[in-house]
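Beneath this line is the structure, given in structure tokens, with notes to follow.
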Amino acid sequence: MEINETFSQYSDLLYTTTVAIYVLALLFTLFEQAFGAKGRLAAERSRQRVLVGAGGPDSDSAAIEDGDAPAEPEAPRTIGRPERIGRMGAALLVLGALLQLSAIVLRGLAVHRAPWGNMYEYGMAVTFITVVAWLVVIKKFPVRHLTGFLLLPVVILMFINGTLLYTVAAPVVPALQSYWLYIHVSAAIIGSGVFLVPGVASVLYLFRTAHDRNPAKFAGFGPKLPAADVLDRIAYRATIVAFPIFTFGVLCGAVWAEAAWGRFWGWDPKETVAFIAWVVYAAYLHSRATAGWRGTRAAVINIVGFSVTIFNLFFVNLVTVGLHSYAGVS
């Protein structure tokens, strides 16, 4: 089929617009992170007072001190400028995700196939999954103010993707003309995209624990991060979601390799680095489940997996030559 150049151009335009919107969201959420700490501390104190009034921890002592008087209703907290700007950043993040999804769909319509047949399209899909995963995280955890730290690597990867790895819309090579493109590659995209979230959470966890050990050294940054156990839970739960999907993608890749190249495994550079990433994340989950590893050691393992995933996402195709070098990178 002929390439629909109109859809392709609109896809490229939406991709560029998405990057610009993500940059704005990055700036807005970093502003909330930098100047909104007082509001978050006030909210936490308010939450603790509500728990005490509802019979939570220290409710008995509070009742004794107040002479068993009923707790006064909490006055509504005024939303400050940093929080309003942070909400605007979150809204921009949603808008950017919708535009990025539109760019992916238009790319697929332009080439009449799954829109992840080269590294440019693959990177576009992976960063989209990362943003969607983060939107789920901020829905479940009060960590919206950390969005800037997640968007920083996303914007960098999207810039590299749109410049060094950009590929014009074109049919895929014969090796990719298979239904396995929909199964294997989509699983790898989802797994890799979600893996970026625990990587960022683990990096922030190390900063938070460093502040807890030495408050004076990280006085300006550490207190504005969530509690270490919150960051640890985010990293662990996101890894639990991503790991089985990534495992499924690796297994499907082996089946596809046997059908296409006559062997399940050939230690191709892309295969090898993917296997290393799988081992690292398996070690992380195994250590958490059996050895009870938590804290710094677990975070370091997760960061190693994060680094291997980033390397495998983009740089393997730039520095090596193998059977996966069909990715459109010259």
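These numbers come from a predicted model, not from an experiment.
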Just wondering, do [Y] and [X] contact through their side chains at under 4.5 Å, heavy atoms?
X	Y	value
Val255	Leu251	no
Tyr236	Arg288	yes
Leu14	Gln100	no
Ile303	Leu206	yes
Thr130	Val194	no
Pro223	His211	yes
Arg87	Glu32	no
Arg233	Asp229	yes

Supply the atom-to-atom distance [X] [atom1] to [Y] [atom2], rounded to the nearest 0.5 angstrom.
X	Y	atom1	atom2	answer
Arg237	Thr239	CZ	OG1	12.0 Å
Ile276	Thr309	CD1	OG1	11.0 Å
Ser186	Ile245	OG	CD1	10.0 Å
Leu165	Leu157	CG	CG	9.5 Å
Leu225	Phe149	CG	CZ	6.0 Å
Ser287	Ile301	OG	CD1	4.0 Å

So, [X] side chain and [Y] main chain: donor-acceptor pair closer than 3.5 Å or not?
X	Y	answer
His112	Ile3	no
His145	Gln33	no
Ser192	Ile189	no
Thr127	Met124	yes

When you compare the side chains of [X] and [Y], does any donor N or O come within less than 3.5 Å of an acceptor on the partner?
X	Y	answer
Glu121	Asn118	yes
Thr147	Trp134	yes
Tyr205	Asn302	no

Sole residue of Leu109, Asp12, Val105 in side-chain contact (heavy atoms from CB on, under 4.5 Å) with Phe7: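 Checked Leu109, Asp12, Val105 against Phe7; only one passes side-chain contact (heavy atoms from CB on, under 4.5 Å): Leu109.
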Is there a path of hydrophobic side-chain contacts, each under 4.5 Å between heavy atoms of I, L, V, M, F, W or Y residues, that connects [X] with [Y]?
X	Y	result
Val111	Met119	no
Leu164	Val154	yes
Phe159	Leu93	no
Tyr22	Val136	no

Trace of the ring pair (Phe, Tyr, Trp, His ring centres under 6.0 Å) decision for Tyr281 with Phe306: CA-CA 9 Å; Tyr281 283 115; Phe306 171 69; 9.1 Å; no
Other residues, nucleotides, ligands: >12 heavy atoms within 6.0 Å of Phe141 CZ: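 For Phe141, atom CZ is crowded (more than 12 foreign heavy atoms under 6.0 Å).
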Positive for ring pair (Phe, Tyr, Trp, His ring centres under 6.0 Å) with Trp278, one of Phe195, Phe246, Phe243: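 Looking at Phe195, Phe246, Phe243, the match for Trp278 under the ring pair (Phe, Tyr, Trp, His ring centres under 6.0 Å) is Phe243.
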Ile234 to Ala201 - nearest heavy-atom pair and separation: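 Looks like CG2-CB, 4.0 Å.
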Residues that Ile85 engages under side-chain contact (heavy atoms from CB on, under 4.5 Å), provided they are two or more places apart: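 Scan of Ile85 (side-chain contact (heavy atoms from CB on, under 4.5 Å), adjacent residues dropped) gives Phe28, Phe31, Arg81.
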Side-chain hydrophobic cluster, 4.5 Å single linkage: members besides Leu13: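 Members besides Leu13: none; it forms no cluster.
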